[in-house]
Amino acid sequence: MPAEPLSHLMHTLTIFIVFISILAVFQAYALYSYTDALKHQLADIEGYVSSVATDLVILVTRSKFENITLTKTLNLPESVGMYGYTVKLENRGEDCVLVIYLDARPSVKVESILPVKNVTCSGVVYSGSRNPRICCSRVLNADGSYNMTLKLEG
């Protein structure tokens, strides 16, 4: 007689464990899919900002003026999947790197190296900024060389 209740208990526990396992796999897949969608949205923002930055650098480089500053107002979304985000320009060695990440989940980020050389990059823009813009400047030095800067503001 004791074998039947024990057998019933083992089958019930097995069914419960299978159910919990399926639920955990589904939750993990849903989280992965949501995070992947957020990364794609950040990549879209990265492509837009990178394109504008590269265009500004090219325009400033080809300008006939010795000292010039061009500014472009960025049209950025207020949020990405109900999360705020940060857009950052930084120098890493000789490279100008664009980094975009979610404020609440910094591990969800997109980075790219801008195709510009000899440009000093800096600045941060947070989602929801009223007037985010990117500025590119070229200043003539006394020795005839130029200093180029690319800066995020707002």
Side-chain angles (χ1 to χ4, degrees), residues 15-154:
I15 291 172
F16 182 72
I17 289 171
V18 167
F19 177 74
I20 294 297
S21 299
I22 291 172
L23 186 62
V25 168
F26 176 75
Q27 288 290 341
Y29 180 73
L31 180 62
Y32 171 78
S33 296
Y34 185 64
T35 302
D36 192 48
L38 292 174
K39 281 188 178 182
H40 283 292
Q41 291 178 14
L42 291 178
D44 290 343
I45 296 169
E46 178 273 325
Y48 167 69
V49 175
S50 176
S51 175
V52 170
T54 304
D55 291 346
L56 283 177
V57 170
I58 290 170
L59 287 171
V60 166
T61 302
R62 294 185 178 193
S63 173
K64 294 179 181 177
F65 297 105
E66 292 179 352
N67 298 322
I68 186 171
T69 300
L70 295 178
T71 302
K72 169 82 170 138
T73 301
L74 297 172
N75 185 15
L76 298 174
E78 296 256 340
S79 63
V80 171
M82 300 184 340
Y83 290 106
Y85 62 92
T86 300
V87 180
K88 188 187 293 188
L89 270 176
E90 56 189 35
N91 279 100
R92 291 187 191 159
E94 292 184 8
D95 295 326
C96 184
V97 180
L98 178 64
V99 181
I100 304 174
Y101 60 90
L102 297 179
D103 295 333
R105 298 173 67 188
S107 63
V108 180
K109 68 179 177 178
V110 175
E111 292 186 7
S112 69
I113 298 173
L114 298 179
V116 297
K117 296 293 178 200
N118 302 323
V119 177
T120 303
C121 299
S122 65
V124 176
V125 171
Y126 301 102
S127 61
S129 295
R130 291 193 177 264
N131 193 19
R133 58 195 177 278
I134 188 165
C135 303
C136 185
S137 300
R138 181 179 71 183
V139 178
L140 180 65
N141 295 326
D143 63 357
S145 64
Y146 290 100
N147 283 343
M148 297 265 303
T149 59
L150 189 62
K151 186 170 185 178
L152 279 170
E153 300 174 344

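Bear in mind the structure is a predicted one, so any value in this text is a computation, not a measurement. Numbers here are sequence positions counted from 1.
Residues passing the salt bridge (Lys or Arg N to Asp or Glu O under 4.0 Å) test with Arg133, sequence neighbours excluded: Glu153. Ser145 is linked by a side chain to side chain donor-acceptor pair (under 3.5 Å) to Asn141, Asp143, counting only residues two or more places apart in sequence or in another chain. Here Cys121 pairs with Cys96 under the disulfide bond (SG atoms under 2.5 Å apart) rule; sequence neighbours left out. Remark: Asp44 pairs with no residue by the salt bridge (Lys or Arg N to Asp or Glu O under 4.0 Å) rule, at least two apart or across chains. Listed by chain and residue number, nothing satisfies the salt bridge (Lys or Arg N to Asp or Glu O under 4.0 Å) test with Lys39 (two or more places apart in sequence, or in another chain). Among residues two or more places apart in sequence or in another chain, the side-chain contact (heavy atoms from CB on, under 4.5 Å) test is passed with Leu31 by Thr35, Arg105. Every residue two or more places apart in sequence or in another chain that forms a side-chain contact (heavy atoms from CB on, under 4.5 Å) with Ser137 is listed here: Thr69, Thr149. Shown here are the side-chain contact (heavy atoms from CB on, under 4.5 Å) partners of Ile113, two or more places apart in sequence or in another chain: Asp95, Val97. Phe19 meets the side-chain contact (heavy atoms from CB on, under 4.5 Å) test with no other residue; sequence neighbours excluded.
Rounding to the nearest 0.5 angstrom, the gap separating the CG atom in Leu38 from the OH atom in Tyr101 is 16.0 Å. Between the CG atom in Leu98 and the CG atom in Leu89 there is a gap of 5.5 Å [rounded to 0.5 Å]. Here the straight-line distance linking atom CD1 of Ile20 with atom CD1 of Ile15 works out to 13.0 Å at 0.5 Å rounding. Separation of atoms CD1 (Ile68) and OG (Ser63) is listed at 3.5 Å; rounding is to 0.5 Å. Between atom CG of residue Leu70 and atom CZ of residue Arg138 there is a gap of 9.5 Å, rounded to the nearest 0.5 Å.
You'll find the side chain of Val125 stays beyond 4.5 Å of the side chain of Val49, heavy atoms only. For the pair Val80 and Ser127, the minimum side-chain heavy-atom distance is 4.5 Å or more. Put simply, the side chain of Leu114 reaches to within 4.5 Å of the side chain of Leu150, judged on heavy atoms. Looking only at side-chain heavy atoms (C-beta outward), Leu74 and Tyr48 come within less than 4.5 Å of each other.
Applying the side chain to side chain donor-acceptor pair (under 3.5 Å) definition to pairs two or more places apart or across chains, none involves residues 22-33. Residue pairs meeting the salt bridge (Lys or Arg N to Asp or Glu O under 4.0 Å) criterion with at least one member in residues 48-71: none, sequence neighbours excluded. The list of side chain to side chain donor-acceptor pair (under 3.5 Å) pairs with a residue in residues 70-88, not counting sequence neighbours, reads Thr86-Asp103.
Of all non-hydrogen atoms in Val108 and Leu42, the two that sit nearest each other are O-CD1, 3.6 Å. Contact between Val99 and Glu90 at its shortest, heavy atoms only, is CG2-OE2, 4.0 Å.
More than 12 non-hydrogen atoms from other residues, nucleotides or ligands lie less than 6.0 angstrom from OH of Tyr34.
A donor-acceptor pair under 3.5 Å is formed between the side chain of Ser129 and the backbone N or O of Tyr126. A donor-acceptor pair is defined here as one N or O able to donate and one able to accept, closer than 3.5 Å; such a pair exists between the side chain of Ser21 and the backbone of Ile17. Between the side chain of Asn131 and the backbone N or O of Gly154, no donor-acceptor pair lies under 3.5 Å.
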